[in-house]
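A quick write-up on the structure given underneath.
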Amino acid sequence: MSFRELRNARTTEFAIHEINNRTDLLPGITLGYQIHDSCSEVPMAVKVAFQFANGLDPFFNDTDSCSKSAAAAVPALVGESASTPSMSMTRMLGLFGIPQVSHFATCACLSDKRQYPAFFRTIPSDHHQAAALAKLVKHFGWTWIGAVRSDTDYGNYGMAAFLKAAQEEGICVEYSESYYRTDPRSKLERVANVIRRSTARVLVAFLHSGDMLFLWQELVRLPLPPLQLIGSEGWIIQSDIKRCIGCGGAIGFSIPRSVIPGFREFLLDLSPAQALKSPLLTEFWESSFSCSLKGSSGGARKCNGSEDIRALQNPYTDTSELRESNLVYKATYAIAHAIHGVICNDTQCDKSAKFTPWQDRLDTYE
């Protein structure tokens, strides 16, 4: 389980509870929600998109105040985190006129409104990041570099944009390699050997965080010449990755830090009884405390209630930066304001209003 993604999912939950307690946004309207786990895989993302569109039973649900019919008339979706699953989901959801607002899918390809008319996001396109990374490299006078990317839409489109910008800046690229975490180990070893044997001491890495972690672990397995890493936002802002490679030095552009008042207390206000209501939270609790909420199983001891969530130090409880989470928070509010604009006037909202495709228009940051 990704504790970081769980925190992001609970950001949506927190924002909706906050919206439901406001009197100036959707007054008299209670928003419900469904949370699905895509497992960072395209087939699962498409499956849950169909579940979302059809109103089928979700993986995590807290919509006791909403009717079954309301659950089938969902007006919008927050997510997905990655670009490739987002592309697959929005192609399907767009057929039904259901907007998708992503907080972390940055592929420039998603800006094509002819292909993805229902896609919006609260994070800039990689078109801007690629140009900025090229200027950053040029600023420090590094004109001989290596490049590695995730073999995904995010990595391939992002690196292509960077290489074009780098050429315009007069930067020479010794090699450009690709890798994905499910590739055979032999390919990972080959990419690592190319990096070790190269003469370029600056490496631009347009990678997902998981791919970067695997690559770095392989690189340090054998002696590695000094490297200056230039990172994309896919891994440069992740605290666990930064701790792993911090001694080597890495720079890049990140999402601004933010503060969401009340969010930390919301995350920590979790008891074993509450965790049992959700398979996701059950898995989080049992994984964090190495115990079983449902009794001893698989050699794990039974949770006895003495577990202290405030003593945990992991991405779920880490609210020191809230970079991604703030983008999730904004995405949820963007949808709420769009719904407000459709069914509410200055003083009240029409609870019986039904959405037609494309009715809840959203502004996008591209």
* **Sidechain-backbone polar pair: Y154 side chain, G234 backbone, donor-acceptor under 3.5 Å** => yes
* Determine yes or no for a side-chain-to-main-chain donor-acceptor pair under 3.5 angstrom, with Q100 supplying the side chain and G79 the backbone. => yes
* Derivation of the side chain to side chain contact (heavy atoms under 4.5 Å, CB included) call for R121 and S111 -> CA-CA 9 Å; R121 51 186 162 197; S111 297; 2.7 Å; yes
* Charged N-O contact under 4.0 Å between E324 and R7 -> no
* Asked: Aromatic rings Y333 and H337: how do their planes relate, parallel, tilted or perpendicular, breaks at 30° and 60°?
  -> tilted
* Flag for E80-S38: side-chain donor and acceptor within less than 3.5 Å -> yes
* To do: Please check if the side chain of S102 supplies one atom and the backbone of S81 the other of a donor-acceptor pair under 3.5 Å.
  => no
* SB check E265 R310 (cutoff 4.0 Å) -> yes
* Asked: Is there a donor-acceptor contact under 3.5 Å linking the side chains of R190 and N193?
  -> no
* Structure fact -> OG of S178 to CG of D151, rounded to nearest 0.5 Å, is 4.0 Å
* **Candidate pair R221 and Q217, rule side chain to side chain contact (heavy atoms under 4.5 Å, CB included), full reasoning** => CA-CA 6 Å; R221 194 172 59 85; Q217 289 172 342; over 6 Å; no
* Neighbour count above 12 (heavy atom, 6.0 Å) for Y157 OH -> no
* **Stepwise side chain to side chain contact (heavy atoms under 4.5 Å, CB included) test for K330 and H103** => CA-CA 8 Å; K330 290 179 177 180; H103 57 284; over 6 Å; no
* Asked: Should F253 and I251 be counted in the same cluster of Ile, Leu, Val, Met, Phe, Trp and Tyr side chains packed under 4.5 Å apart?
  -> yes
* To do: Anything under 30° is parallel, anything over 60° is perpendicular, the rest tilted; go ahead and classify W142 against F140.
  => parallel
* For residues F206 and F162, establish whether the separation of their ring centroids is below 6.0 Å. => no
* **From CD (E18) to CG (L31), nearest 0.5 Å** => 12.0 Å
* Give the minimum heavy-atom separation between V42 and S88, together with the two atoms involved. => CG1-OG, 3.3 Å
* Taking all heavy atoms of A49 and all of L93, pick out the closest pair and write down the distance. => O-CD2, 3.9 Å
* Asked: Can you find a side-chain donor-acceptor pair between Y316 and R4 that sits under 3.5 Å?
  -> no
* Asked: Quick one: which of N8, T11, I255 gives a side-chain contact (heavy atoms from CB on, under 4.5 Å) with L327?
  -> I255
* Residues, nucleotides or ligands: over 12 heavy atoms within 6.0 Å of R197 CZ -> no
* Write down the atom of A130, the atom of A165, and the distance for their closest heavy-atom approach. => O-CB, 4.2 Å
* To do: Could you tell me whether the side chain of R201 and the main chain of P226 form a donor-acceptor pair under 3.5 Å?
  => yes
* Asked: Judged by atom type as modelled, is there a donor-acceptor pair below 3.5 Å linking the side chain of N20 to the main-chain atoms of T30?
  -> no
* Asked: Looking at side-chain heavy atoms only, is the closest gap between Y179 and F214 below 4.5 Å?
  -> yes
* Asked: Just checking, K113 and F120: is the charged tip under 6.0 Å from the six-membered ring centre and within 45° of the axis?
  -> yes
* Asked: Taking the side chain from T90 and the backbone from S86, do they hold a donor-acceptor pair closer than 3.5 Å?
  -> no
* State plainly whether one hydrophobic cluster holds both L95 and I98, where clusters connect Ile, Leu, Val, Met, Phe, Trp and Tyr through side-chain heavy atoms under 4.5 angstrom apart. => yes
* Would the number of heavy atoms belonging to other residues, nucleotides or ligands and lying under 6.0 Å from NE2 of H127 be above 12? -> no
* Taking the side chain as every heavy atom from C-beta outward, state whether T199 and E174 have any pair of such atoms under 4.5 Å apart. => yes
* Could you tell me whether the side chain of V259 reaches within less than 4.5 Å of the side chain of L322, counting heavy atoms only? => no
* Asked: Is any NZ, NE, NH1 or NH2 atom of the basic residue among R301 and E307 found under 4.0 Å from an Asp or Glu carboxylate oxygen of the other?
  -> yes
* Would the number of heavy atoms belonging to other residues, nucleotides or ligands and lying under 6.0 Å from CD of Q167 be above 12? -> no
* In Å and rounded to the nearest 0.5 Å, what is the OG1 to CD1 distance from T319 to I260? -> 9.0 Å
* **Atom pair OG1/CD1 of T12 and I335 - distance to nearest 0.5 Å** => 8.0 Å
* Are the side chain of R196 and the backbone of P225 linked by a donor-acceptor contact shorter than 3.5 Å? -> no
* Same cluster for I195 and V137 if Ile/Leu/Val/Met/Phe/Trp/Tyr side chains link at under 4.5 Å? -> no
* To do: Nearest 0.5 Å please: distance from the SG atom of C107 over to the CE atom of M87.
  => 5.5 Å
* To do: Please assess K294 against L276 for the test side chain to side chain contact (heavy atoms under 4.5 Å, CB included), listing each intermediate value before the final yes or no.
  => CA-CA 8 Å; K294 300 177 181 179; L276 269 172; 3.9 Å; yes
* To do: Over all heavy atoms of both residues, which pair between A134 and A166 is shortest? Give the atoms and the distance, please.
  => CB-N, 3.8 Å
* **Student check: side-chain heavy atoms of P124 and E233 closer than 4.5 Å** => no
* To do: With the side chain counted from C-beta on, respond yes when R10 and L281 share a heavy-atom pair under 4.5 Å apart, and no when they do not.
  => yes
* Asked: Counting only heavy atoms not in K187, do more than 12 sit closer than 6.0 Å to its NZ atom?
  -> yes
* Transitive ILVMFWY side-chain link I237 to I123, under 4.5 Å -> yes
* **Least distance between heavy atoms, S288 atom then L312 atom** => CB-CD1, 3.8 Å
* Structure fact -> All heavy atoms of L26 vs all of H340, minimum pair found to be N-ND1, 2.9 Å
* To do: Answer yes if the side chains of Q129 and T106 hold a donor-acceptor pair under 3.5 Å, and no otherwise.
  => no
* To do: Ignoring hydrogens and angles, tell me if any N or O in the side chain of D318 forms a donor-acceptor pair with the backbone of N314 under 3.5 Å.
  => no
* To do: Examine V220 and V148 and state if one hydrophobic cluster contains both, with Ile, Leu, Val, Met, Phe, Trp and Tyr joined whenever side-chain heavy atoms are less than 4.5 Å apart.
  => yes
* Salt bridge flag under 4.0 Å for residues E218 and R185 -> yes
* Asked: Mind checking whether F266 and D269 have side chains closer than 4.5 Å, heavy atoms only?
  -> no
* Asked: Would you find a donor on one side and an acceptor on the other, under 3.5 Å apart, between the side chain of Q238 and the backbone of S209?
  -> no
* To do: Answer yes or no: is there a donor N or O on one side and an acceptor on the other, between the side chain of D211 and the main chain of Y180, under 3.5 Å?
  => no
* To do: Give the ring-plane orientation class for F284 versus F3, where under 30° counts as parallel, over 60° as perpendicular and anything between as tilted.
  => perpendicular
* Structure fact -> Rounded to the nearest 0.5 angstrom, the CG-CG distance for D37 and L6 is 9.5 Å
* To do: Determine whether V101 and T122 make a side-chain contact, defined as any pair of heavy atoms from C-beta on separated by less than 4.5 Å.
  => yes
